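Below: one structure, written as structure tokens.
Since this is a predicted model, take the numbers as computed values, not measurements. Naming convention: chains lettered A, B, ... in sequence-line order (proteins, then strands); numbering from 1 in each chain.
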There are 2 protein chains.
Amino acid sequence: MRASDKAYAALRDDIIEWRLAPGTVLAEVEQSERLGISRTPLREALSRLTAEGLTTTAGGRGVVVTDISLEDIDELFELRETLEGKAAALAAERGDAATFEQLRNELCQAPSLISAGDPARHDYYGLVGRLDTAIDAAIHNSYLAQAMRSLRVHLVRVRRLAADDAERLTAAAAEHAAIAEAIAAGNPRLAEAATTLHLHRSLSHVKATHTPQ
Amino acid sequence: MRASDKAYAALRDDIIEWRLAPGTVLAEVEQSERLGISRTPLREALSRLTAEGLTTTAGGRGVVVTDISLEDIDELFELRETLEGKAAALAAERGDAATFEQLRNELCQAPSLISAGDPARHDYYGLVGRLDTAIDAAIHNSYLAQAMRSLRVHLVRVRRLAADDAERLTAAAAEHAAIAEAIAAGNPRLAEAATTLHLHRSLSHVKATHTPQ
DNA sequence: CACAAGGCGTATGTATACAAAGCTGCCAGT
DNA sequence: ACTGGCAGCTTTGTATACATACGCCTTGTG
């Protein structure tokens, strides 16, 4: 693995997991020494982060971790609803029914994973990730898939702001199951509606449990 | 202006204007000598191009200019319809009516620009660009605006494939005027419909006049 | 004659040294 | 006391030298 990839992954995780707070300046020498690499690969990592919008160049004083405000979250979900709604509809038109039927069944049994505690809860997140992957593959549109991937980076960051209590996760699992069911049924409008519903509830939950820093 | 910015702009233009054909390998030393800069800023330029999808790293043999096939164009317009449709609707809800009313009037007089020949035709492209900019500003959503900006790079490349004859440009001006009018009227569904119509006609024109390389 | 293994060459990946540009703080003048 | 400018320092931007890895050609062997 290249040193620049390592630096990129490390910094990206640090930002997403809120170990690096918004406003933190990432000086090149400081970070390169911390990660044990040279400035050159670090600069490439910072470029990639800036291209993704996780950092911005603050002219002269290095790059800083971008802030993410409440308005940002509204904008983020507005775009997310547009992209994922379309993706769900396309998946319903073009996807393989059996794949999503299988995912629906697993999602219906997800509540047992959620209530089982932390290690099993990780399996639940993996299951949701598989649904995302399946939709990405089903839409047959690399540009749309790319746009959603770049969006998910920011969404993970937002999710860390909210309390992922068992109650909300159980409800979310049911909403995901509804999406999978609609896609398996080949009903584009239903799939889009189920996605819209899920995203609105997610947004409400984030805003309700948001803890101001 | 930084050397890396210069290199990025030069390579980006070369690719968009089809002076660098798909499949062309961009060796670092070769390009850095051609542009009169060192390898370091050139590498940053190539990174940015790759992040945008104009080039891809071909594992070991440098970065190559990405191809753009007919399926790509379909996918591109599918995403474009999703994003620009939503943007037009949001602009109708949130935009300033006077701004778009003004743009509509100018677009209605665009045919005279188009028929006047090449130098004036450049003014027409500028006018369409101003409409895009006005929509970007009106939606008040930086993530959506960013997604559309990254798409437009590829769209300019596609546009160069099609013959931009006066007939099509005149029709396109009328379609743009319809979009501006719907936004000025504050009618989201109409604005989205006008955008959908325009994009479908654009796509049809591109596919009809597409000259296989 | 064909296939495989090894060496050579050229490509990218990394480190470091140098240059230039911006911010910070101080000092002097009003 | 406040403001403007200057000097110093810290920062990023660039160039170049070195390391490394991959591909390709050559050569030897089955």
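We find that CD of Gln31(A) is positioned 18 Å from C1' of dT14(C), with the value rounded to whole Å. Regarding Glu28(B), its CD atom lies at a distance of 14 Å from the P atom of dA15(D), rounded to whole Å. The CG-P distance, from Leu42(A) to dT11(D), rounds to 14 Å in whole Å. Atoms CD (Glu44(B)) and C1' (dT12(D)) sit 11 Å apart, rounded to a whole Å. Atom OH of Tyr8(A) and atom P of dG13(C) are 17 Å apart (whole Å). The nearest whole Å value for the distance from the CD atom in Glu33(A) to the C1' atom in dT16(C) is 13 Å. One can place CZ of Arg39(B) at 12 Å from P of dA15(D), the figure rounded to the nearest angstrom. Atom CG in Asp5(A) sits about 13 Å away from atom C1' in dT14(C), given to the nearest Å.
For the 3.5 Å distance criterion, the side chains of Glu81(A) and His200(A) qualify, holding a donor opposite an acceptor. Of the N and O atoms on the side chains of His205(A) and Asp165(A), at least one donor lies less than 3.5 Å from an acceptor on the other residue. Side-chain contact, Asp72(A) with Ser69(A): a donor N or O sits under 3.5 Å from an acceptor N or O. Ser4(B) and Arg43(B) form no side-chain donor-acceptor contact under 3.5 Å, judged by distance and modelled atom types alone.
A donor-acceptor contact under 3.5 Å links the side chain of Thr40(A) to the base of dT16(C).
If Ser38(A) and Arg2(A) are placed on DNA chain C by their nearest nucleotide, the residue sitting closer to the 5' end is Arg2(A).
Nucleic acid contact class of Ser4(A) (heavy atoms, under 4.0 Å, all strands): sugar-phosphate only.
The side chain of Arg61(A) places no N or O atom within less than 4.0 Å of a non-bridging phosphate oxygen (OP1 or OP2) of dT12(D). For dT12(D), the OP1/OP2 oxygens have no side-chain nitrogen or oxygen of Arg43(A) closer than 4.0 Å.
For the side chain to side chain contact (heavy atoms under 4.5 Å, CB included) with Thr66(B), the qualifying choice from Thr50(B), Ile15(B), Thr56(B) is Thr56(B), the only one to do so.
Closest to the side chain of Pro41(A), from the set dT14(D), dA15(D), dT14(C), is dT14(C).
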